[in-house]
Amino acid sequence: MMSGNALRDLNTLPASERKNDSSSKGNFTKTCNGNTIENVEELQKKNPSSVCINGGETINAAVEVANSEVEYIESENLGDLEDVNTCLEKLLPGLESKDWVLVVETLNNVRRLSIFHREEMHSMLGDLIPLVVKSLKNPRSAVCKTAIMTSADIFSAYNDDLIEFLDPLLVQLLLKSSQDKRFVCEAAERALEVMTTSVFPMSLLPKLQPYLKNRNPRIRAKASMCFSRSVPRLGVEGIQEYGIDKLIQVAASQLSDQLPESREAARTLLLELQTVYEKSNGLSTTIPEQPEMNSWEHFCQSKLSPLSAQAVLRVTNIAREGLVIGS
């Protein structure tokens, strides 16, 4: 079940944000107190006023310059820490700081610890995750995107150990992947992809399922894509254990969704389920001469409403006929 806070966050999707945020320039590694930040502080002294853009959105000029000066470090380019114990001691205070520069630096240290010292940081996850979520909500792009990248590294490092902390992370990543600010959206999509390949699907799918019915169509689409990517990782036995009848009902409900991403994810999932069903029942994937009682068609008709079964069979039959014609 989703937490109450997660649901409240999900129901308050922020208004469209600016699209013209470009990818960052400059350098923002451990030397985050160097010329870049000094230049921003100097600009703040010279021009502390805010500027109005897009007919009403107020943005501080120095904030925008600061965001554009940040370099987002890919995981493979992160180096190890020299003093692990000191870094661990400073993690929570650093993430709670009001100094956004320190927060970004600390987030990158969380990433380093996830990659190089996962065991040492493991016991702190319960205190750490809420602070990462807080950074995901931060309106400053530099903090938000670094927190997204941190989430991806945490998924890679801790896998199923994150299940009990997953809801607030998941809702924020779905929100960020659905907004208009492209470079934040793309980072969130990558983090969701890492999540679906890192967290065991038997645990992840129940977490994703409520979002498939969310009132925001973009949230539904992102959740559908995650769900569709996660199911094949169950394997044939895992899909049977989870319940192929439950999965086909989920996929069928997404076939008529508003956005094409949801519909395409549903089609992909249905083809996977058809293959698994026919393999597990010893059926041929070619068109049978006489449908049997355990056929895919009969299965769909027995588990779905007539209209839903018709829509599902239309999708899977077209794919099957294409396979036969191409063979």
Side-chain angles (χ1 to χ4, degrees), residues 1-13 75 91-92 95 107 110-111 113-115 118-119 121-138 143-179 184-216 218-234 238-239 241-243 246-247 250 265 269:
M1 294 292 293
M2 289 181 291
S3 67
N5 289 337
L7 280 170
R8 283 196 296 272
D9 287 340
L10 191 60
N11 288 330
T12 55
L13 184 68
S75 300
L91 276 189
L92 300 183
L95 292 175
L107 285 168
V110 172
R111 299 175 64 202
L113 288 163
S114 298
I115 295 168
R118 67 178 300 276
E119 293 299 331
M121 196 172 67
H122 189 281
S123 63
M124 300 178 64
L125 288 178
D127 296 320
L128 193 68
I129 298 302
L131 295 176
V132 174
V133 171
K134 179 182 176 182
S135 292
L136 285 169
K137 297 178 181 179
N138 194 299
V143 176
C144 177
K145 181 172 178 179
T146 307
I148 292 172
M149 299 173 78
T150 303
S151 301
D153 288 328
I154 290 175
F155 286 137
S156 295
Y158 296 103
N159 311 119
D160 289 353
D161 291 349
L162 288 174
I163 281 297
E164 63 178 300
F165 314 114
L166 187 61
D167 276 338
L169 280 174
L170 177 57
V171 67
Q172 287 303 315
L173 291 174
L174 288 171
L175 284 168
K176 299 306 177 185
S177 69
S178 304
Q179 65 175 240
V184 171
C185 175
E186 290 175 348
E189 288 176 343
R190 287 194 294 270
L192 289 170
E193 289 174 7
V194 174
M195 178 192 69
T196 57
T197 58
S198 300
V199 180
F200 185 54
M202 197 67 75
S203 303
L204 179 60
L205 292 176
K207 297 286 188 182
L208 286 168
Q209 198 160 342
Y211 299 105
L212 300 176
K213 297 180 180 179
N214 188 264
R215 64 186 182 185
N216 185 298
R218 291 196 288 180
I219 295 292
R220 293 198 303 270
K222 300 302 181 181
S224 295
M225 293 164 69
C226 291
F227 198 92
S228 178
R229 282 196 301 265
S230 190
V231 168
R233 296 186 61 239
L234 285 169
I239 288 176
E241 181 184 349
Y242 190 87
K246 290 192 294 185
L247 291 170
V250 170
L269 177 55

Checklist line | Test side chain to side chain contact (heavy atoms under 4.5 Å, CB included) applied to L170 and L192, step by step | finding: CA-CA 8 Å; L170 177 57; L192 289 170; 4.0 Å; yes
As an exercise, state the distance from [atom1] of [X] to [atom2] of [Y], rounded to the nearest 0.5 Å.
{"X": "S228", "Y": "L208", "atom1": "OG", "atom2": "CG", "result": "11.0 Å"}
{"X": "I163", "Y": "L204", "atom1": "CD1", "atom2": "CG", "result": "6.0 Å"}
{"X": "M195", "Y": "I154", "atom1": "CE", "atom2": "CD1", "result": "13.5 Å"}
{"X": "I129", "Y": "M124", "atom1": "CD1", "atom2": "CE", "result": "11.0 Å"}
{"X": "K137", "Y": "K176", "atom1": "NZ", "atom2": "NZ", "result": "9.5 Å"}

Search all heavy atoms of [X] against all heavy atoms of [Y] and return the closest pair with its distance.
{"X": "L166", "Y": "K207", "value": "CD2-CG, 4.1 Å"}
{"X": "A223", "Y": "Y211", "value": "CB-CB, 3.7 Å"}
{"X": "M121", "Y": "L128", "value": "SD-CD2, 3.7 Å"}
{"X": "C185", "Y": "S177", "value": "SG-O, 3.0 Å"}
{"X": "R111", "Y": "M149", "value": "NH2-CE, 3.7 Å"}
{"X": "D161", "Y": "R118", "value": "OD2-NH2, 3.9 Å"}

Given side chains that start at C-beta, do those of [X] and [Y] come closer than 4.5 Å, heavy atoms only?
{"X": "L234", "Y": "L205", "result": "yes"}
{"X": "L162", "Y": "V199", "result": "no"}
{"X": "M225", "Y": "E189", "result": "no"}
{"X": "L113", "Y": "L91", "result": "yes"}

Matching residue for [X] among [options] - test: side-chain contact (heavy atoms from CB on, under 4.5 Å):
{"X": "S156", "options": "S114, S151, S75, S198", "result": "S198"}
{"X": "Q172", "options": "I148, V133, V132", "result": "V133"}
{"X": "T150", "options": "L95, L136, L107", "result": "L107"}

Next item on the list: Determine yes or no for a side-chain-to-main-chain donor-acceptor pair under 3.5 angstrom, with S230 supplying the side chain and C226 the backbone.
Entry: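 Judged by distance alone, no pair lies under 3.5 Å.
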Next item on the list: Before giving the answer on side chain to side chain contact (heavy atoms under 4.5 Å, CB included), spell out for F155 and T196 the whole-Å C-alpha distance, their side-chain angles and the decisive distance to 0.1 Å.
Entry: CA-CA 9 Å; F155 286 137; T196 57; over 6 Å; no
